[in-house]
Amino acid sequence: MKPSFLVAYATSSGSTLEVAQAVAETLQGCGLESEVLPAGKVKSLSGYGAVVLGALLYMARWLADARHFLSRFGGRGPLASLPMAIFALGPFHNKAEELQSALQQLDKELAKFSWLKPGAVEVFAGKFAPGKLSFPYNLILPLKKMPASDERN
Ligand SMILES: Cc1cc2nc3c(=O)[nH]c(=O)nc-3n(C[C@H](O)[C@H](O)[C@H](O)COP(=O)(O)O)c2cc1C
């Protein structure tokens, strides 16, 4: 039998995966079985009773695998009738104005899915690892020189 919660995530540098694992541990601490899977690898939602979907924000977009997850399973699919929570990782600093701006970016992305009625939508401060920047961002010198930070709670 599948665990009752699916925690699906999309990450670029790994910090969103760690948050997804922390979410799953919290659920397990409440006695709720959960499974953590990359959003792009989920083949079916059958057997799950609820879904948590998390991904980072990148250049004001929510990572494609998370958006594709909503397209693949939403609309007339199973996701529309499952309880769901959504989170995004974004700002480098845990400051109200940065979190608010990231929430606006996320809301704009979610508004494209008219059927979507998540029970909770949260934005968390993220992690910046200059050594893990992917192409073409690893070529942007001012970005590479920014200090590493991790403001995840
Ligand atoms: C090149 C670049 C662009 C980013 N763009 C945004 C953005 O538009 N909005 C935001 O809130 N966070 C942005 N971030 C912050 C990331 O979402 C944050 O670093 C996150 O923790 C990365 O998650 P990951 O380790 O799972 O890939 C950006 C980070 C990088 C490196």
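Counting starts at 1 for both ligands and their atoms, following the listed order.
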Contact between [X] and [Y] at the side-chain level, heavy atoms closer than 4.5 Å - yes or no?
X: I86; Y: L106; answer: yes
X: K145; Y: P130; answer: no
X: L53; Y: W62; answer: yes

Donor-acceptor check, side chain of [X] to backbone of [Y], threshold 3.5 angstrom: yes or no?
X: S101; Y: E97; result: no
X: K127; Y: S15; result: no
X: W115; Y: G74; result: no

Open item on the list: Does anything in residues 65-81 form a side chain to side chain donor-acceptor pair (under 3.5 Å)? List the pairs, not counting sequence neighbours.
Closed with: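 Found R67-E109.
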[atom]: nearest protein contact (heavy atom, Å):
atom: atom 27 (O) of ligand 1; answer: S13 N, 2.6 Å
atom: atom 30 (C) of ligand 1; answer: Y58 CE1, 3.5 Å
atom: atom 19 (O) of ligand 1; answer: K127 O, 2.6 Å
atom: atom 15 (C) of ligand 1; answer: G90 O, 3.1 Å
atom: atom 8 (O) of ligand 1; answer: A60 N, 2.6 Å
atom: atom 24 (P) of ligand 1; answer: S15 OG, 3.2 Å
atom: atom 3 (C) of ligand 1; answer: M59 SD, 3.6 Å

Open item on the list: Please classify the L133 to ligand 1 contact at 4.0 Å (heavy-atom distances, strictly less than): side chain, backbone, both or neither.
Closed with: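 Only the side chain of L133 comes within reach of ligand 1.
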Among [options], which one puts a heavy atom closest to [atom]?
atom: atom 14 (N) of ligand 1; options: L57, L89, V19; result: L57
atom: atom 9 (N) of ligand 1; options: E151, Q105, E98, E18; result: Q105
atom: atom 29 (C) of ligand 1; options: F124, Y9, F92; result: F92

Restricting to non-hydrogen atoms, name the atom on [X] and the atom on [Y] that form the minimum distance, rounded to 0.1 Å.
X: A66; Y: A55; answer: CB-CB, 3.5 Å
X: A125; Y: E151; answer: CB-O, 3.5 Å
X: V123; Y: A102; answer: CG1-CB, 3.7 Å

Any N/O of [X] closer than 3.5 Å to an N/O of ligand 1?
X: Y137; value: no
X: L143; value: no
X: R61; value: no

With a cut-off of 4.0 Å, which atoms of ligand 1 are near a heavy atom of [X]?
X: A102; result: 11 (O)
X: S12; result: 24 (P), 26 (O), 27 (O)
X: P91; result: 11 (O)
X: G126; result: 21 (O)

Open item on the list: Can you list, by chain and residue number, the hydrophobic cluster partners of L133 when the side-chain cut-off is 4.5 Å?
Closed with: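 Its cluster mates, by chain and number, are F5, V7, Y9, L17, V19, V23, L27, L32, V36, V52, L56, Y58, M59, L63, F87, L89, F92, F124, F128, Y137, I140, L143, M146.
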